[in-house]
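This report concerns only the one structure given below.
Atoms considered below: every heavy atom in the structure, side chains included; atoms not considered: hydrogens, waters and symmetry mates. Every chain is numbered from 1, with letters handed out A, B, ... down the list of sequences.
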Amino acid sequence: MIEPNNNDKESTTMNIKQILSEKIAAAMVAAGLPEGTNPAISLSNRAEFGDYQANGVMGAAKKLKTNPRELATKVVAELSSSKSLDGIASNIELAGPGFINIHLEQQWLATQLNQVAQDKFIGVTQRGVNQGDDVQTVVVDYSAPNLAKEMHVGHLRSTIIGDAVVRALEFRGDKVIRQNHMGDWGTQFGMLIAHLSDKLAGDEVAETALADLENFYREAKVRFDNEEGFADRARADVVKLQSGDEACAKLWQQFIDISIAHSEEIYAKLNVSLQRSDIMGESAYNDDLSTVIDELMAKEIAVESQGAKVVFIDEMANKDGEPSVFIVQKSGGGFLYATTDLSACRYRSGKLAANRIVIFTDARQGLHFKQVEIVARKAGFLPEHVGYQHCPFGMMMGDDGTPFKTRTGGTIKLAELLDEAIVRAATLIKEKNPDISAAELTHISKKVGIGAVKFADLSKNRTSDYIFNWKTMLSFEGATAPYLQYAYSRIQSIFSKAESAKAGAVDNNAVINIVEPQEKALALKLLQLEDTIDAVISECTPNLLCNYLYELASLYMSFYEACPILKEGISDEVKASRLALCQVIANTLKQGLDILGIEVMDRM
RNA sequence: GCGCCCUUAGCUCAGCCGGAUAGAGCAACGCCCUUCUAAGGCGUGGGUCGCAGGUUCGAAUCCUGCAGGGCGCGCCA
């Protein structure tokens, strides 16, 4: 193969789509198409159309107003004469109005897979290795529970979706700075401090008084609404707190510490990577808020209106030309979450040097973040080159399809949900495996139960609302985390059998041969990990990784039925090859699930 | 009133910067455990992609309108 000698610059990738894209883009240019035309490589959806297909010619032909079929003929001819896909594709054919169907060479596929098998990152190129694929500093704002209350099911999505995206970014090699923008500074804290103060005066210990935050909040609220003088005390305490009163600050700190501890318990149980050092609560921006307002006023971005300071956003005017209103300071001088979020923009792009800021909150805050971005950009808090991405997610709906609201005391605490999942898992595991030891049961049911809850949520499209249902969430059949964990365990079981029988333990240097259709399907799937990770990262959509892993596990299950490994009559070569294939699958499942924050186990 | 989101199989959902005959899981039905873990595999049935137009070689996907549901819109976060 004669090619310009630029091997030292050429990327070393095992990514099929990327390789095909480069080759076909080159052929397209050689065939007279403009530089930069997207070859639009995608997986073929039917075997007769090959493994991959290039659809880009048709779109390009449309733009150039030429015949797509003729153009595609030229590209195919170019591919053939340049021999650029020799050894990679076994057959390239033109179909329909201008599809280019690519059948991959089985041997080449095996070569790529063997390379992946030797790669520490299972074929996922690390940022910074290739030119133009630089390491990004990504600030990710997620979880952000309100510390006034206990975490409930509504906090689940931000927490686990954000954590999955964070881990995906890190696995690809980006620098991630987690920011847990906890709600620790609202007016409600006046009421809570006042109530806590009374409890402590009554000889209670803070830890005990705050053992049940939900209860504590309710008590305080009742007093606020009904008790003579309490509301005034509460309001006074907010003012004192915000102006730096030491006694109030101490009470507040006690409250916050205990509430954070509650959250940390949940994080630990959920296997979420957030640490205390990731907390950058609303209170942390307090000292900067007046500066933010001063700057907005000085730049004449904000103006006074009805006693408050607001920004009129013309960019978001309605049809009548009335600008969108964004209040940045209350008429009484108080600040709002708008102010805090503006301050956060400046901190993140400035001090944290973010290239990209990603925020996970529910969809109801969409308007707010649109406004924040416009104002922050105008004020220079958010330079042009810094990406700002609000990643909304849908609401939690009840079984009847209406919003899952706080019915008569009906919020489900996250802690209780997780415990129930674990109990249900334990029941099921015991059924399947009556002889299991108590210790192992505890160990496994935790991973299975938590995994199931997380997968149920993570596997759904982030943006749509989703129906909360105990039964489907905690059913461990079908496309669920336990299915994936089970696939992993089956592989481990084969490994341990192979070793105990000395039947040929896994040889990391064994060559994987692709013979059976199930093996080929697995090879193709395994080589798509990087594409999947990249899609997860760019759109912040972990459900794509869930789909990928489920498909991988499903292909493995078929392989498991069709391709025996340790049974009679399997040659050493085939055995070694299939064991090595199993190893790559296991590594991929484990790594993929780890990104989702779901654990695997050798036996279940 | 204005704005944003959603509507795909009985149920829960994929697919959405246009691609070929719209896919899974659950539920239903039929097979497969003396054989590497049946939390499994193989198969069958099940669809006017909310409705109506438009754009074009091609629309679940893009545009317009309509209906239904959800959410938001000056001092909560």
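Considering only side-chain N and O atoms, Arg364(A) lies nowhere under 4.0 angstrom from the phosphate OP1 or OP2 of rG70(B).
Under the Watson-Crick and G-U wobble criteria, each requiring two contacts below 3.5 Å, nucleotide rA22(B) is left unpaired. In this structure rA38(B) sits in no base pair that meets the Watson-Crick or G-U test at under 3.5 Å. Taking a pair to require two hydrogen-bonding distances under 3.5 Å in either a Watson-Crick or a G-U wobble arrangement, rG3(B) pairs with rC71(B). Using the Watson-Crick or G-U wobble rule with both distances under 3.5 Å, rG43(B) pairs with rC29(B). The partner of rC62(B), taking Watson-Crick or G-U wobble pairs whose two distances both stay under 3.5 Å, is rG54(B). Look at rU48(B): it lacks any Watson-Crick or wobble partner with both distances under 3.5 angstrom. Look at rC17(B): it lacks any Watson-Crick or wobble partner with both distances under 3.5 angstrom.
Within 4.0 Å (heavy atoms only), Tyr550(A) reaches sugar-phosphate atoms of the nucleic acid but no base atom. Residue-level contact check: Ala95(A) touches the bases, meaning some heavy atom is under 4.0 Å from a base atom. Among the protein residues, Tyr483(A) comes within range of the sugar-phosphate backbone only, with heavy atoms under 4.0 Å from sugar or phosphate atoms but none that close to a base. Using a 4.0 Å heavy-atom cutoff across all strands shown, Ala363(A) reaches no nucleic acid atom at all.
Side-chain atoms of His368(A) and Asp341(A) form a donor-acceptor pair, as typed in the model, at a separation below 3.5 Å.
Glycosidic conformation of rC33(B) is syn; the angle stays within 90° of 0.
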| said: One character per nucleotide, please: for nucleotides 3-16 of chain B, 5' to 3', B when the base has a protein heavy atom closer than 4.0 Å, S when only the sugar-phosphate does, - otherwise. | reply: S--------SSSS-
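Arg424(A) contributes no side-chain N or O that, together with a main-chain N or O of Gly449(A), makes up a donor-acceptor pair within less than 3.5 Å.
At a threshold of 4.0 Å, the pair Asp457(A)-Arg157(A) counts as salt-bridged, since one of the basic side-chain nitrogens sits closer than that to a carboxylate oxygen. Of the charged side-chain nitrogens involved, none lies within less than 4.0 Å of a carboxylate oxygen, so that Glu599(A) and Lys590(A) do not count as a salt-bridged pair.
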Using the 3.5 Å cut-off, write out each protein N or O paired with an N or O of nucleotides 58-64 of chain B and the distance between them.
residue	atom	partner	partner atom	Å
rG58(B)	O6	Lys62(A)	NZ	2.6

